Amino acid sequence: FHKAYAFLDEYREKELQDLVERSRTARDPNEKKELEREAQRLRGRAQRERKRVLRQNLKSNARKEEIARVSQGKRPFYVGRSALKRMELEKEFEELKKEGRLQRYLMKRRKKQERKDKRFLPAGRIAGEERTAKTVSTPRVKR
């Protein structure tokens, strides 16, 4: 299916280039903002498609390797979601390292995690009162 309609990817890429060019030359700020939003939507769609293809390739390669192992007389082992996710992350890290963007990616992930962790730390003292950290609680149900 995807091989037969591969020309659509080229068409979408041309459309994205056209949108970027139109957003550069647009004079109306509202129109420019709308064109940039549409271009961002197309970029996100292309990125999701690349991830889907990568995931599908990893899955099919794992299946082929497993079939080869079974044909050699080994016991079958089915790759689960967590293993696929780990393989996907390893592949992504390899690509980032090859492009030289791994350090920046890891720094952003670390900062994001620090922001998440900071929410649950106790806040400082304000006017003699000690504030506590936000806690996740379940709503009370009246009976």
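We number each residue from 1, following the sequence as shown. Values in this document were obtained by computation on a predicted structure and should not be read as measured data.
- We find that Glu114 and Lys111 are not joined by a salt bridge, their nearest charged nitrogen and carboxylate oxygen being 4.0 Å or further apart.
- In this structure, CD on Glu36 lies 11.0 Å from CD on Glu31, to the nearest 0.5 angstrom.
- For the atom pair Lys108 NZ and Gln103 CD, the distance stands at 13.5 Å (nearest 0.5 Å).
- One finds no salt bridge joining Asp18 and Lys14 here, because no Lys/Arg side-chain nitrogen approaches an Asp/Glu carboxylate oxygen to under 4.0 Å.
- To the nearest 0.5 Å, atom CG of residue Asp9 and atom CZ of residue Arg50 are 10.0 Å apart.
- In terms of heavy atoms, Val20 sits closest to Ala39 at CG2-CB, 4.4 Å.
- Rounding to the nearest 0.5 Å gives a distance of 12.0 Å between CD of Glu21 and CG of Leu16.
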Open item on the list: Is there a side-chain contact (heavy atoms from CB on, under 4.5 Å) between Glu13 and Glu10? Walk through the geometry before answering.
Closed with: CA-CA 5 Å; Glu13 188 63 34; Glu10 297 168 7; 5.6 Å; no
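- Sorted by first and then second residue, the pairs that involve residues 55-64 and meet side-chain hydrogen bond (donor to acceptor under 3.5 Å, both in side chains), not counting sequence neighbours, are Arg52-Gln56, Arg55-Glu88.
- Residue Tyr5 qualifies as open at atom OH: its count of foreign heavy atoms under 6.0 Å is 12 or below.
- Residues satisfying the ring pair (Phe, Tyr, Trp, His ring centres under 6.0 Å) criterion with Tyr11, sequence neighbours excluded, are absent altogether.
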Please set out all donor-acceptor pairs under 3.5 angstrom arising from side-chain atoms of residues 69-85, sequence neighbours excluded.
unit_1, atom_1, unit_2, atom_2, d
Arg69, NH1, Glu66, OE1, 3.1
Ser71, OG, Ile67, O, 3.4
Ser71, OG, Ala68, O, 2.6

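- In terms of heavy-atom proximity, Leu19 sits nearest to Glu38 at CD1-CG, 3.4 Å.
- The 12-atom threshold is not exceeded at CZ of Arg104, counting heavy atoms of other residues, nucleotides or ligands nearer than 6.0 Å.
- Separation of atoms CG (Leu42) and CZ (Arg12) is listed at 8.5 Å; rounding is to 0.5 Å.
- Partner of Leu89 under the side chain to side chain contact (heavy atoms under 4.5 Å, CB included) criterion, out of Met87, Lys91, Glu92: Glu92 alone.
- Here the options are Arg109, Arg101, Met107, the test is side chain to side chain contact (heavy atoms under 4.5 Å, CB included), and the partner is Tyr105; only Arg109 passes.
- For Asn30 and Glu34, the side-chain atoms include no donor-acceptor pair closer than 3.5 Å.
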